[in-house]
Amino acid sequence: MGDFFQRVWALVCQIPPGKVATYGQIADILRSPLAARTVGWALHSLPEGTDVPWHRVVNQRGGISTSGHPQGYGVQRRLLEAEGVEFHGRGQVDLRIYGWDGPPPGGWGHSKG
DNA sequence: ACGGTGACGAGAT
DNA sequence: TATCTCGCCACCG
């Protein structure tokens, strides 16, 4: 496994319960704004008994993208709802409410916040 | 070093 | 607003 995957997993582990991040956001934080697909792939590559909260990552539309894991949709949604995350009638999460205010690209740095 | 692949994202119609 | 098409990056053989 490459280092990038490790960074993705480590970062996803920083997402608190009840919050969600987007693939693009994760990629952006890792200074690879165009590697959103790779982020998804990193989660796709996760084993079953993992501690990584992969379910807290959704697409830019706040929707669930579990291509390759058809039942993954229900699984991810259940896990999120179990944390208090609500879904719209369209099966999407309101990132304005549940979006994770993660670190900026490169890390927390010297930002005054 | 090269090519195929994928849990994305933005632009055009 | 919904749907289709292309590009991008990193991983693996």
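So that the names make sense, note that chain A is the first sequence line, chain B the second, and so on, each numbered from 1.
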Distance, rounded to the nearest Å, where [X] contributes [atom1] and [N] contributes [atom2]:
X: A/F4; N: B/dC8; atom1: CZ; atom2: P; value: 14 Å
X: A/I29; N: B/dC8; atom1: CD1; atom2: P; value: 17 Å
X: A/R56; N: B/dA7; atom1: CZ; atom2: C1'; value: 17 Å
X: A/I64; N: B/dA7; atom1: CD1; atom2: P; value: 15 Å
X: A/D3; N: C/dC9; atom1: CG; atom2: P; value: 18 Å
X: A/F5; N: B/dA7; atom1: CZ; atom2: P; value: 11 Å
X: A/Q60; N: B/dG11; atom1: CD; atom2: C1'; value: 15 Å
X: A/I26; N: B/dA7; atom1: CD1; atom2: P; value: 17 Å

Check the phosphate of [N] against [X], side-chain N and O only, distance under 4.0 Å to OP1 or OP2. Yes or no?
X: A/R31; N: C/dC9; value: no
X: A/S32; N: C/dC9; value: no
X: A/T38; N: B/dG6; value: no

Gap in Å between the two C1' atoms, one belonging to C/dG13 and one to B/dA7, rounded:
22 Å
Of the listed nucleotides ([options]), which one gets closest to any side-chain atom of [X]?
X: A/R37; options: B/dT5, B/dG9, C/dC8; result: C/dC8
X: A/N59; options: B/dG9, C/dC9, B/dA7; result: B/dG9
X: A/W41; options: B/dA10, B/dG6, B/dA7; result: B/dG6

Applying a 4.0 Å non-hydrogen cut-off, can you work out what A/R61 is touching in the nucleic acid: base, sugar-phosphate, or nothing?
nothing
Check step by step if side chain to side chain donor-acceptor pair (under 3.5 Å) holds for A/E86 and A/Y98.
CA-CA 8 Å; A/E86 299 177 86; A/Y98 300 104; 2.9 Å; yes
Strictly below 4.0 Å, N to O, side chains only: are A/E83 and A/K19 in salt-bridge contact?
no
Given side chain to side chain contact (heavy atoms under 4.5 Å, CB included), test A/W100 with A/V20 step by step and report yes or no.
CA-CA 5 Å; A/W100 176 45; A/V20 301; over 6 Å; no
Between A/R31 (side chain only) and A/G106 (backbone N and O only), is there a donor and an acceptor less than 3.5 Å apart?
no
For A/F87, does the six-membered ring have the charged nitrogen or CZ of A/R77 within the cation-pi criterion, i.e. under 6.0 angstrom from the centroid and within 45° of the normal?
yes
